[in-house]
**Q** 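Just passing along the structure, written as structure tokens.
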Amino acid sequence: MAQPKEKEEQSLKSIVAVSKRRGFVFPGSEIYGGLSNTFDYGPNGVEVLNNLKRLWWEYFVHRRDDILGLDSSILLHPRVWEASGHVSNFNDPLMDCKKCKTRLRVDKFLEDKEGDGAATGKSLEELTNHIKEKGYACPSCGSVGTFTEARQFNLMFKTAHGASEEGAMDIYLRPETAQGIFINFKNVNQISRKKIPFGIAQIGKSFRNEIMARQFIFRTREFEQMEMEFFCEPGTQKEWFKYWVDYCMNWLTNVVGLKAENLRVREHAKEELSFYSDSTSDIEYKYPFGWGELWGVASRTDYDLTQHESFSSEDLKYHDLEAKKKYLPYVVEPALGLNRLFLAVMCDAYEEQTLEKEDIRTVLHFGKRVAPMKVAIFPLMKKDGLDAKAKEIYQDLLPHWYVDYDESGAIGKRYRRHDEIGTPFCVTVDYDTLQDGTVTIRERDSMKQERIAITSLKSYLFERIL
Ligand code: GAP
């Protein structure tokens, strides 16, 4: 059942608040008054990002013999973006309110009013007329009939490459990591001698000058992508496409641990497909503001390699020595946004529990591999040797996991702080520890506490944290 709008907004607000309070995500350039739609990831946020990247790399590169890694430049030759079609086609339709100067992305504006796909297939003129006919008001100032005509806006950030202004060449910050993979297809193929089908994966920053950047970290101008281009023989792309959609869903549910009921696959209708794609599906997550694209899986045919072959005049064909044939492979691409995944993980993990006496506990139920810290060690008091014993245990665990040592405030408050960070286990050292060598270990989700010997602490944790 859909949540009422206020509740949805409230739950996103709570996630934004805990993100700041517990050092996951800070607003960007805050001490200078902020820079809209930029975010900095704090000490716990960067741990979650790194854990997600590591889990993706393990599943998509290390555990397979048919995928290799790459780290290509953010700055690429400008011809790359002419060849890929980004210079001419990577546009969003925009319009301005002449009264209050608010800038709107027309397709999203219409979708918000009339539902998914409302703008699909409409020309700029049709969009302009449709909005006029419906008499839609500006969402900022409420004026009617004050919109400019819809026009195209290219989303790539331009910058200059070169020291002197005269000699500088206009280049772009990459809007996707994928093209860096395509232009290295020949290099990787030559050094690896992999046989088709094989893939190339990379993780890196991408930049898009989004017209309507919004919903916290969901749509930002700077973000990180985890993309993999899987090169296969023409004619086999349909089965690989299905394979990769299933593989990605499996990673999200079984490795990252997202709840299956918050995920769905949405197949693109024919009229929605990009001109180079013969099938595309989005894996969507149920964010507090509704279903939104998390991971795009696209069958891109041989479009990109054909374009780069033609623009660079390099032969990019694959030589199948056994079958004695040369061809441009087809490509299936699972393209995931790391920051959107981070937001999905936060939404999935977040819970406010009402305990006895109306006491509210905020807890992040992260999967153990995703949680920023795995264990926190607390001395009951900062005296009588309890702190020294707790530090000893902390030092002993450090080589194995990212562990926190916390000696400030009441124990209950320290538990609550780590509930909000999503730390799976808290270990308390008390006076009995000094007598019998045992500690109390508390599990985050159940809040159950048990007494175990320090000597078995590591094996206890190894069994429970992968
Ligand atoms: N190479 C194909 C490609 O880039 P895309 O659907 O435009 O496809 C892939 O992007 C993924 O990147 C999206 O599913 C989303 O998770 C993420 N993404 C795209 N634009 C984004 C933005 N402005 N902010 C955050 N994430 C974004």
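The analysis underlying the following values was restricted to heavy atoms, covering all of them including side chains, and did not include hydrogens, waters or symmetry mates.
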**Q** Is the closest basic N to carboxylate O distance between R464 and E443 below 4.0 Å?
**A**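 E443 and R464: not salt-bridged.
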**Q** Is it the case that the ring center of F26 lies less than 6.0 angstrom away from the ring center of Y41?
**A**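 Between Y41 and F26, the centre distance exceeds or equals 6.0 Å.
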**Q** Do the ring planes of H86 and W81 sit parallel (below 30°), tilted (30 to 60°) or perpendicular (above 60°)?
**A**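 H86 and W81: perpendicular rings.
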**Q** Roughly how far, to the nearest 0.5 Å, is the NZ atom of K238 from the SG atom of C232?
**A**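 It is 11.0 Å, given to the nearest 0.5 Å.
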**Q** Do T38 and E222 pair up side chain to side chain, a donor and an acceptor below 3.5 Å, judged on atom types alone?
**A**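 Their side chains do not contain a donor-acceptor pair, so the 3.5 Å distance test is not met.
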**Q** Relative to F223, does R340 satisfy both conditions: NZ or CZ under 6.0 angstrom from the six-membered ring centre, and within 45 degrees of the ring's axis?
**A**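 Here R340 fails the 6.0 Å and 45° test against F223.
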**Q** Got more than 12 heavy atoms from elsewhere within 6.0 Å of CD, Q449?
**A**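 Atom CD in Q449 is packed in, count exceeds 12.
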**Q** Can R300 be said to sit on top of Y276's aromatic six-ring, NZ or CZ under 6.0 Å from centre and within 45° of the ring axis?
**A**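 Yes, R300 sits over the ring of Y276.
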**Q** Check I181 against E227 and note the closest heavy-atom contact, atom names and distance.
**A**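 What the structure gives for the nearest pair is CD1-O, 4.0 Å.
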**Q** Using distance alone, with no hydrogens and no angle criterion, decide if T428 and Y415 have a side-chain donor and acceptor under 3.5 Å apart.
**A**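 A pair is found: one side chain offers a donor N or O, the other an acceptor, under 3.5 Å apart.
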**Q** Rounded to the nearest 0.5 Å, how far apart are CG of L94 and CG of L104?
**A**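 Going from the CG atom of L94 to the CG atom of L104 covers 9.0 Å.
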**Q** In the structure I gave you, are the side-chain heavy atoms of P288 and C347 within less than 4.5 Å of one another anywhere?
**A**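 Sidechains of C347 and P288: in contact.
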**Q** State whether a side-chain donor-acceptor pair under 3.5 Å links Q225 with S206.
**A**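 Yes.
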**Q** In the structure I gave you, are the side-chain heavy atoms of M156 and V87 within less than 4.5 Å of one another anywhere?
**A**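 With C-beta onward as the side chain, the pair touches.
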**Q** Just checking F230 against F241, ring centres under 6.0 Å apart?
**A**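 No, they do not, as the ring centres are separated by 6.0 Å or more.
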**Q** Any non-hydrogen side-chain atom of W295 less than 4.5 Å from a side-chain atom of L341?
**A**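 Contact flag for W295/L341 side chains = no.
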**Q** Centroid-to-centroid, F378 to Y405, below 6.0 Å?
**A**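 Between Y405 and F378, which both carry aromatic rings, the centre distance is not below 6.0 Å.
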**Q** Using the ring of F366 (Phe, Tyr or Trp, six-membered ring only), decide whether R444 places NZ or CZ under 6.0 Å from its centre and within 45 degrees of its axis.
**A**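 No, cation not above the ring by the 6.0 Å, 45° rule.
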**Q** Minimum heavy-atom separation for D348 to L258, with atom names?
**A**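 Answer, listing the atom of D348 first, then L258: OD2-CA, 3.3 Å.
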**Q** Closer than 4.0 angstrom, basic N to acidic O: yes or no for E420 and R22?
**A**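 Counted as a salt bridge, because a side-chain N and a carboxylate O are separated by less than 4.0 Å.
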**Q** Work out which heavy atom in R105 is nearest to a heavy atom in I211; give both atom names and the distance.
**A**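 Heavy atoms only, the tightest pair is N-CG2, 3.8 Å.
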**Q** Roughly how far apart are D66 CG and S192 OG, rounded to 0.5 Å?
**A**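 Separation between the atoms: 11.0 Å.
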**Q** Check whether W291 forms a cation-pi arrangement with R266 (NZ or CZ under 6.0 Å from the six-membered ring centre, at most 45° off the ring normal).
**A**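 Verdict for W291: no cation-pi partner in R266.
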**Q** Once ring-ring contact (aromatic ring centres under 6.0 Å, His included) is applied, do any residues pair with Y350, and if so which ones, sequence neighbours excluded?
**A**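 With neighbours one apart ignored, the set is empty.
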**Q** What pair of heavy atoms forms the shortest contact from N44 to P372, and how long is it?
**A**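 Heavy atoms of N44 and P372 come nearest at O-CB, 3.6 Å.
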**Q** What are the two closest non-hydrogen atoms of F153 and N209, and how far apart are they?
**A**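 Closest approach of F153 to N209: CE2-O, 3.2 Å.
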**Q** May I ask you to decide if the ring planes of Y247 and W244 are parallel, tilted or perpendicular, using 30° and 60° as cut-offs?
**A**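 Correct class here is perpendicular.
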**Q** Apply side chain to side chain donor-acceptor pair (under 3.5 Å) to H62 and list each qualifying residue two or more places apart in sequence or on a separate chain.
**A**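 W57.
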**Q** Rounded to the nearest 0.5 Å, what's the gap from OH on Y460 to CD1 on I465? Could you check?
**A**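 Atom-to-atom, Y460:OH and I465:CD1 are 9.5 Å apart.
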**Q** Quick one: do the E352 and T362 side chains pair a donor with an acceptor below 3.5 Å?
**A**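 No, T362 and E352 have no side-chain donor paired with an acceptor closer than 3.5 Å.
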**Q** Testing the basics here: between G28 and D40, what is the closest heavy-atom pair and its distance to 0.1 Å?
**A**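 Taking every non-hydrogen atom into account, CA-OD2, 3.8 Å.
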**Q** Have E224 and N339 got a donor and an acceptor in their side chains that come within less than 3.5 Å?
**A**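 Absent: no donor and acceptor within the cut-off.
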**Q** Assess whether atom CZ of F275 is packed by more than 12 heavy atoms of other residues, nucleotides or ligands within 6.0 Å.
**A**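 Atom CZ in F275 is crowded, with more than 12 foreign heavy atoms closer than 6.0 Å.
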**Q** Could you tell me whether R221 and E210 have a side-chain N and a carboxylate O separated by less than 4.0 Å?
**A**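 No salt bridge links R221 with E210.
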**Q** Among L364, L252, V256, L49, which residue meets the side-chain contact (heavy atoms from CB on, under 4.5 Å) test with V345?
**A**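 Exactly one candidate clears the test, V256.
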**Q** Do the two ring centres, one from H308 and one from F185, sit under 6.0 Å apart?
**A**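 That pair fails the under 6.0 Å test.
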**Q** State, yes or no, whether a side-chain contact exists between V18 and M346 at a heavy-atom distance under 4.5 Å.
**A**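 Yes; the side chains approach each other to less than 4.5 Å.
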**Q** Indicate yes or no: does E30 engage K20 in a salt bridge with an N to O separation below 4.0 Å.
**A**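 Yes, charged N to carboxylate O under 4.0 Å.
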**Q** Report the C-alpha separation of F147 and F109 in whole Å, then their side-chain angles, then the decisive distance to 0.1 Å, and conclude whether the ring pair (Phe, Tyr, Trp, His ring centres under 6.0 Å) test is met.
**A** CA-CA 12 Å; F147 288 127; F109 176 69; 5.7 Å; yes
**Q** Using the test side chain to side chain donor-acceptor pair (under 3.5 Å), find all partners of D96 that sit at least two apart in sequence or belong to another chain.
**A**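 With sequence neighbours excluded, D96 shows a side chain to side chain donor-acceptor pair (under 3.5 Å) to R103, R151, given in chain and number order.
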**Q** Taking 4.0 angstrom as the limit, do K458 and D396 come out as a salt bridge?
**A**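 Yes, charged N to carboxylate O under 4.0 Å.
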**Q** Output the distance between atom CZ (F218) and atom CD (E293), rounded to the nearest 0.5 Å.
**A**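 Answer for the CZ-CD pair, F218 versus E293, is 7.0 Å.
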**Q** Calculate, to the nearest 0.5 Å, the distance between atoms CD1 and CG belonging to I377 and L398 respectively.
**A**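 The CG atom of L398 is 9.0 Å from CD1 of I377, to the nearest 0.5 Å.
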**Q** Quick one: which of R414, K374, R417 gives a salt bridge (Lys or Arg N to Asp or Glu O under 4.0 Å) with D404?
**A**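 Single pass found, and it is R417.
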**Q** Tell me every residue that passes ring-ring contact (aromatic ring centres under 6.0 Å, His included) with F157, counting only those two or more places apart in sequence or in another chain.
**A**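 None.
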**Q** Once you measure the plane-to-plane angle for F462 and H400, does it fall in the parallel (<30°), tilted (30-60°) or perpendicular (>60°) bin?
**A**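 Ring orientation of F462 relative to H400: perpendicular.
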**Q** Evaluate the side-chain proximity of T177 to S72: yes if any heavy-atom separation is below 4.5 Å, no if none is.
**A**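 No, side chains not in contact.
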**Q** Using a strict 4.0 Å threshold on nitrogen-to-oxygen distance, state whether E111 and K108 make a salt bridge.
**A**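 Looking at K108 together with E111, the answer is yes, because their closest N to O distance falls below 4.0 Å.
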**Q** M169 versus P78: any side-chain heavy-atom pair under 4.5 Å?
**A**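 They are in side-chain contact.
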**Q** For side chain to side chain donor-acceptor pair (under 3.5 Å), just list the numbers for S408 and D406, CA-CA rounded to whole Å, side-chain angles, deciding distance to a tenth of an Å, and then say yes or no.
**A** CA-CA 6 Å; S408 57; D406 188 356; 3.2 Å; yes
**Q** Counting heavy atoms not belonging to K242, are there more than 12 under 6.0 Å from its NZ?
**A**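 Open.
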**Q** Between Y285 and Y287 (judged by ring centroids, cut-off 6.0 Å), do the two rings come close enough to count as a pair?
**A**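 Under 6.0 Å, so yes.
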**Q** Could you pull out all residues at least two apart from Q215 that satisfy side chain to side chain donor-acceptor pair (under 3.5 Å)?
**A**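 With neighbours one apart ignored, the set is empty.
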**Q** Output all residues satisfying side chain to side chain donor-acceptor pair (under 3.5 Å) with D278, sequence neighbours left out; order by chain, then residue number.
**A**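 In terms of side chain to side chain donor-acceptor pair (under 3.5 Å), with neighbours along the sequence ignored, D278 is linked to Q237, S299.
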**Q** Go through the side-chain N and O atoms of R361 and Q353 and say whether any donor and acceptor fall under 3.5 Å apart.
**A**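 There is such a pair between these side chains.
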**Q** Under a 4.5 Å cut-off applied to non-hydrogen side-chain atoms, are F39 and N37 in contact?
**A**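 Side chain of F39 against side chain of N37, heavy atoms only: contact under 4.5 Å found.
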**Q** For the residue pair S277 and T280, confirm or rule out a side-chain donor-acceptor distance under 3.5 Å.
**A**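 Short answer, yes.
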**Q** So do I74 and F207 actually touch side chain to side chain, heavy atoms under 4.5 Å?
**A**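 Sidechains of I74 and F207: in contact.
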**Q** Between H77 and E82, does any side-chain donor sit less than 3.5 Å from a side-chain acceptor?
**A**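 No, because no side-chain N or O of H77 sits under 3.5 Å from a partner of the opposite role on E82.
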**Q** I'd like to know if D359 and R416 make a salt bridge, using a cut-off of under 4.0 Å between side-chain N and carboxylate O.
**A**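 A salt bridge links D359 with R416.
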